[in-house]
Structures are given as C-alpha cells and as structure tokens.
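Some notes on the structure that comes next.
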Amino acid sequence: MPTGSGWLSPAGSGRSLPGRGLLLLTVLVLLEGTVFRLGAASTPDVSGHDTKDHHKATAIGHNSTKKAFPVLDLDYGHIQTPFEISLWVLLASLMKLGFHLIPRLSGIVPESCLLIVVGLLVGGLIKIAGEKVPPVLDSRLFFLCLLPPIILDAGYFLPIRPFMENLGTILIFAVVGTLWNAFFIGGLLYAVCQIQTGNSSELNGLGLLPCLLFGSIISAVDPVAVLAVFEEIHINELLHILVFGESLLNDAVTVVLYHLFEEYSGVGTVTVMDGFLGIISFLVVALGGVLVGAIYGILAAFTSRFTSHTRVIEPLFVFVYSYIAYLSAEMFHLSGIMALIACGAVMRPYVEANISHKSHTTIKYFLKMWSSVSETLIFIFLGVATVDGPHFWNWTFVTVTVILCLVARVIGVVGLTYIINKFRIVKLTTKDQFIIAYGGLRGAIAFSLGFLLKEDHFPERNMFLTAIITVIFFTVFVQGMTIKPLVELLAVKKKQEAKRSINEEIHTQFLDHLLTGIEDICGHYGHHHWKDKLNRFNKKYVKKCLIAGERSKEPQLIAFYHKMEMKQAIQLVESGGGVKMPSAMPSTVSMQNIQPKKLPPPKTVERALPQLPKGREEEIRKILRSNLQRTRQRLHSYNRHTLVADPYEDGFDKFILKKQKIIELENKIKEMNNYLTVPAAPTDSPTMSRARLASDPQAFSVKPDSDSVPIIQVDLASPQSPDTVNVMDEFRRADQEENQGLMMRCPRGPSEPKKSEDTEGARDQQKLMRCLSDPGPSADEDEDEPFLP
Amino acid sequence: MGSRASTLLREEEIEEIKKETGFSHSQITRLYSRFTSLDKGENGTLSREDFQRIPELAINPLGDRIINAFFPEGEDQVNFRGFMRTLAHFRPIEDNEKNKNATTSEPLNSRTNKLLFAFRLYDLDRDDKISRDELLQVLRMMVGVNISDEQLGSIADRTIQEADTNGDNSISFNEFIKVLEKVDVEQKMSIRFLH
C-alpha cells in the first residue's frame, strides 16, 4: 500500500500542516459558538444593569449611592452588532484559509459544500448551547448587502465578446428555459397534490397558484452557486458563459413570476389579462433594469473623465455608482441584477481608459475580495439557516420536487438546444448539453425568495423552505461534487489558459473588417454589420465624451498593445529584473554567425558565454537593483491625498539626466563582457562599439578600428520575450534619438525637427503622465530606464 | 430582350454552382438577385466600380483588398461563378461535411481554405509569406493616420516575432495557421446565410 505508507511516513511539516488546519477549524467553530452564547447571555445583564442604575439615579437624584469607579467594565451591548458582523466575516475568511491548508479536501469537495458544512456546524453549536440562532439569512441583508458584490464582480469582468456572440442562446435558455421549468414543476406538483388528496392531508389544499409560485422560486439557476462551482472546474469559455449568462439573465423572469404569483395567490385566480400584463411587466423589468444600469454606467464613465487629479477616490466612484444603480432598480421592482450587470459592462471600457493603473488594480482586488467574502458568507449562512429554520418535512413533496427539478432541466435543455442549433453556426454538442443541464445549480437566491413569503398568506411556507433547502443541498453537494470528475471523464474542452497574443488581436480585428465587408457585398445586414455600426458610433461620439484627453482617439489595437507592454514591464520588474534573461540567453542563443575579424577571438568567444551565468548574473542583478532604487528616491514629496509625483516638472533637465544614465548604464554593461552584440546598422557609432562584446576590459575607449573587435551576431533561435528585442532596439537607437514610441521615453532631443517633437512629445508626455501619475515600480522603470532585462 | 435573357440563371448553372460551392438553391437565387442589382452595366459581370458603389465598403479599411479578392489574377471583371466561388469561403461549416471523407478536393469553406483566403488578403505579392512591409500596410489601414510609423513598426516587429518560428522574419502560411489555432475560425469567418 504505497499510499498508506506515504501518509504514515511523516513528511515533516507536510503532515502537521493539514493537522494544524483541522485543529484551527475546530477551534474557530467552537469560538464562534461560545462568543455568540456570551453575547446573547451578557446583553440582557448589561442592559438590565444600566436600567437599574438609571432608575436609581432618577429616583434618588443627587444623593445617588456611590459605587466604586469601574476600572474595567464589560459593555458588550455597545459594540454587539458590528462585533458580530466582523466575527462572521472573520470566520468566513479563516475558513477559506483553512480549506487551502488541507489540500486533499479542497481537491475533492468544492468549497461551497465545505462552507455549508461549516455553517451547519456553527448553527448546530449555537443551538446546542441553547441560544437563539441569529436570523442571519435575512432577506434584506441578503439582497442588499451580500448579493450585490458578487453580481458586480461578475458584471464588471464579464467577457463582453463571447457574451454578445451567444446572447441569443443565453436569452432563450434564461427566459424560455426558466418559464418551462417553473410551469412544468409547478404544474406537476399540483397534479401530485391532487392525486395525494385522499392519502395525506398535509398536501391537501395546496392550490395551483402556490404550486406555481413554488415552481418559479425553485426553477431559477443561481449565479452564486454556478460561479462557485464552475470556477473550480475551468471549463471552456463557451459553456461557462452560457450557464453563467443564463443564471444572470433569468433574474428578470424570476422577479416577474414571483411577484405575479405572490400577488394573485391570495385572490386565487389568474386571468389571461394578468398573464398579458405579466409579459409586459417582464419586458419592463428586464429592459428597465438594463436601462437604469446603463444610465448609471455612463454617469460613472463621465465622472471618471475628471478624476485625473484625485486618483485616490477613483475606485469609489465605480463601486458607489454601481450600488446606487442596483438600489434604484430594486426601488422600482426592476431587475437589480440586470441593472448591475449593465452598469458594470457599460462603464468598464471608458473607466479603464481614464483611471490610473493603480486604481484599476484596486478595483479588481476590492471586487474580488468582496465577492469572495460575500460568497463564503452566503454559504455559511445557508448552513446556519438550515439548522435554524422551521422545517416541515414531507417525503412526497420533497422527493417529487427534487426529481422534477432534474427532469425539467434535462428536458428543457435538450428541447431548447434542438431549436437553438438550427440558428447557431457552432452547434452545441451532446456533451455541451449535458454540462449545461448538469450545471443548473440552485442556491441562496431561491432560499431567500422562499424566506420572503409571509406565513399568513402561505401556510405551506415551512414545507416550501424545507424542499428548497433540500434541492439546494442536492444540487450543490451531489452535482457540485460530481461535476469535476464528469468533466474529466467526458473530456470536455477546458479553458485555455494562455493570454491573448497581439497576433490574435490583430487578426481578429482583421477578420471583423473582412466579414463586415463581405456582409455588405451580400447585402446581408447581419451580426457584423451592426457591430461595426456600433463601433463606429462609439468611436465617433461616445468615446469623445467619456474618455479624457488624447486617449479618446486611441485605436483599440494601440490600447491593447500598450496594455501588453505595461503588463510585461510590471512582470519584468517583479521578477527581479536580471534573473530571467541571463539564464535564458545561453540556451537560446544560437551562435550561428560568429564573425571573428581577427584571430584572438575563439578563446574569448568560448569564455564569454559560459562565464555569464556564473558571476555576471549577480552583477546584472546588482546593477538593476541599484538603478531601480535610485529612481525611487526621486519621489520627493508624498502627501496622503495625492499619489501624484510629477515627473515632468523639470522637463529638459530630466531628459539630460536620463541621457546620462543611459551612458552610465552602457559603461557598466561593457564591463560585463556583454554579448548583446547588435549586428544591425550603426555598428560604428561609439556607443555600439563600446557595447560590443569586448573580451578585454580595455575596450573602454572607442577603437577607431572597430574591425579588431570580435563581433558575435546573436541570432535568437527561439521566440524570445520581446524585452530582448527591445534591448537591442534600445542600444541600436540610443544614439539615434529616435522616438521609441511605446517605450515610454521622454521627449526627444533638440536635434529632432520641432514639429514632430511637439506632437509626439506631447502625446508621449500625456501617455506618460497618465501612467506615471501615481508611479509604482513599473512607471519608474518605464520612465528612467530602457528595457534592460 | 437578348441581354436580359443572357443574364437569367439557367438550371444547369445553378446545379454546377451548387456542386462547386455547396450553397443551396434558394441561397444561390438570392445571391444572384444581389449580383444583378450590383451589376449596373447589365452585362453579367461585375467590375471594380460596381463594388465600390456599395457605400459601406468605402468606409471599410479593408475595402479595396476585399474587392480585389473577388477578381482573379489580372482580370477586371468577375462573373457570377467567380462571385459565388469567393463567397463560398464564408459559408458555415456543416457538421455532415466534416464527416464526409473528401474524395474530391477540400470544400471551399473548410477551415484551411478560409484561412488561406484571409492569408491571401495580407500577402499581396503572393510569395506565401507575410513580410514586415505587408503587415505594416495592413496595420496602417486598420489603425488610421494618428499613429506614428515607429509605433506601428514596433507592433509589427512584435507580431512577427511572436508568430515566426523559422526565423525568416515573416509569417508563412503554416505559422499563420498556428497562431490562429486558438481562435474559432469556423465561427469567425462564417456568415449565416439565411435559408
């Protein structure tokens, strides 16, 4: 038994770490339970104590009994609510930490299941302690505080292109699919209840409308659960966007059906007129929600245009506008989820063009953080509420519900796919259909909607809640746990991890133009035609309003290229600079063209390459580090409210300084037995000859006869990171004073013609200003140094 | 009367086009009516001016190249067969076609042929490579006039460097295919001709 022995033979810390994790978990859960007990217990005492004193004071007046001055007092009631909230959040976060310390478990069981179990434990502890379980999954709390961060995170980072391309499919699944589910489940449940009339009295009297209401609550696929599970299985983009998009867009349907049936359950009948109004209401809810979201999105984009001087609060605008959009939509009973998605999706391209890089990172991390915590809390609360909630278990009802949910989903997906495939270019295969059907998870939204039902209107509320919880548990546990192995088994296409390359971007745009042209030739006003029209409209009018400064005219391709270069710059600095390149170079440099002009070369050539990895690596790193440090010291003033250190105040002085730095760097490099020979054009310029591979340190001075210096032509055999290319470019052009374009150099020297310098320089300045306005290491790197790996 | 008759489509022609391109009968007739509406000279062929009369094509950055793609080497007129042959590249790939083991040559709308069509739009001199200059031309057309040559040059260099595996500083057709293997070309290069 190799595995058994593997477990037993202590791998030192490897064994104790999972053990520690488990211990941590149990301690936390116990702590949580006891704190609540303390809280519940101490509150009445403290409040009682206060009132007693108060009475005494008022009764006796000035002659109050003097008691000793309280040195240490326990006033839990004062801080109870925030303290408990913080404790819950802390528990959620520590749980998340804990799970990743136990590697085996997180591989088998999805996080959502574990969190529900934790919730169950905590709820159980509280119950055992005899205290009242706090009503944590209060619907207001859920809908107003816990749900928005998750949806905003989803909406802001929604991949627009696949979403739009598959919008038809998504809408059909969301609208028609949910309607089908609701009516199928509701109708059949009613039929079952009618059949059961004779046998069990509990199901008696369950009218059609309550059944349909229940059906509509349970039929909606839940975005939180889908996100939680699908995130871990890394499925391909198409399936992900289909299931996820469906879960987002079915909110409108759910809202309308829920309100419709809830209103009329009391009355008992629904007429055709009501149905018709329901359809209109659906359109209003859906489109209204999107409209509200879009309006706030545009407002946010417009606001971000003016934030160039107050970069610190930029993320706040994004969050606040989105949240207000959600609340406004909820105020009118429109679909808050769709408003939030629309807001995030609309504002994103413009806001990202306006805000600084740091704000972008902040927004990304805050959204991820909030949504992560929210998700964790929701699942824990689900567990707690399960322990707490009044349950009414009815075997027939629950089992029939579970079975019907599955059956309805499968039939719905298969039927709809058959229709949809007639209109799709890339058809959905059986495997796809299976995953879509299997991925229809129910979650906390269904529970909250059920919780919202009033007891007096719906005597069967408890039975509904029990059934809802059972379905949720079933889908999350059974389906959630088994979907990963099933995906592996069916060999479903996984997500492609590689980032988009510039090739793909260029060719995709190229193909877009091509297809638009062909569509125009055919006279066919299709997909591409309208997309092209929208893009043109966007470029002409909208971008001018919503994006500040020069960036409004920046073509998409250039923006993409900038982003890529920035990312690489940051990566380069974060990886410590010199580490990658020297170790990579020797293996990839193909010494194809060694052109020794004189004889001494062969020895030196051999010496050069092997020598580098050993001693020079340290030197390169040292040089880089010292240069990076030096640039950081240039930030003189730091004000809490400004992240702006204006690097261009000094203008030309900086430029000259930079030139000097370049020359210094080159001096250092030639000491390094540099093999970065540039075979290209100006090989006789002083810089070039200095930078050439000089075997002897005596090659400081410019040799007039440069032929004596051996030239090694470096032919990069494999596609290198573009940094190396840029290095060569850098050296090639350092003396030529050419604008490096995207290398973020400062404005060119005075020898350049004035006109181009102004325009180029001004534009570069602006570009530089924008990314340097809150400088981080990447900005400094860009500003002061050429790309020296 | 005589000229009208010669422009009407005969059944045999429809059958031939159907076999060659795979379009259905209704699609062919629809496209034929489009062809005739474009053909202002009513001589059964289209010239470059006929294409340029389409307003949206004028503002398309790749308009000229697309138009040129319809005309075979050195000719100035394209008849309906040629028109259909070019358009056939954009037909969606049917599932049953994938299964058919092609005894004849590959259908015009196979993935390779679609990519070849796109490749030829880059590679104007037909030397089976996209050189840096050709790439620069295309980039310049797509990006407009505001960007400097040097910037475009660095983008072009970067692009070639990413794609180039054999070090000839240009993109060959195989490299082109490789770069686009992640892109869903079947979907991107297909137009849903309505039945």
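Just so we're on the same page: letters track the sequence lines, and every chain starts at 1.
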Distance (rounded to the nearest 0.5 Å) between D520(A) CG and I66(B) CD1: 8.5 Å
What is the minimum heavy-atom distance between R536(A) and I59(B), and which atoms define it? NH1-O, 3.6 Å
Is the number of heavy atoms from other residues, nucleotides or ligands within 6.0 Å of CG (D64(B)) greater than 12? no
Any chance you could measure M142(B), atom CE, to D512(A), atom CG, to the nearest 0.5 Å? 9.5 Å
Run the side-chain contact (heavy atoms from CB on, under 4.5 Å) check on L139(B) and F510(A) step by step: do they pass? CA-CA 9 Å; L139(B) 281 175; F510(A) 182 83; over 6 Å; no
Judged by atom type as modelled, is there a donor-acceptor pair below 3.5 Å linking the side chain of N60(B) to the main-chain atoms of H513(A)? yes
Calculate, to the nearest 0.5 Å, the distance between atoms SG and CZ belonging to C522(A) and F35(B) respectively. 12.5 Å
If you look at every heavy atom in L38(B) and I521(A), which pair is closest and at what distance? CD1-O, 3.9 Å
Return yes when atom CD of E237(A) has more than 12 non-hydrogen atoms of other residues, nucleotides or ligands closer than 6.0 Å, and no otherwise. no
Spacing of OG1 belonging to T159(B) relative to CD1 belonging to I506(A), to within rounding of 0.5 Å: 3.5 Å
Verify the neighbour count for atom NZ of K40(B): are there more than 12 heavy atoms of other residues, nucleotides or ligands below 6.0 Å? yes
Indicate yes or no for a side-chain donor-acceptor contact from R158(B) to the backbone of I502(A) under 3.5 Å, with no hydrogens or angles considered. no
Calculate, to the nearest 0.5 Å, the distance between atoms CG and CG belonging to L511(A) and L180(B) respectively. 7.0 Å
So that I know where these two stand, are Y122(B) and H507(A) an aromatic pair - ring centroids less than 6.0 Å apart? yes
If you measure from CD on E519(A) to CD on E56(B), what distance do you get to the nearest 0.5 Å? 10.5 Å
In terms of heavy-atom proximity below 4.5 Å to chain B, should E505(A) be classed as side chain, backbone, both, or neither? neither
Would you say the side-chain atoms of N503(A) pair up with the backbone N or O of V179(B), donor to acceptor, closer than 3.5 Å? no
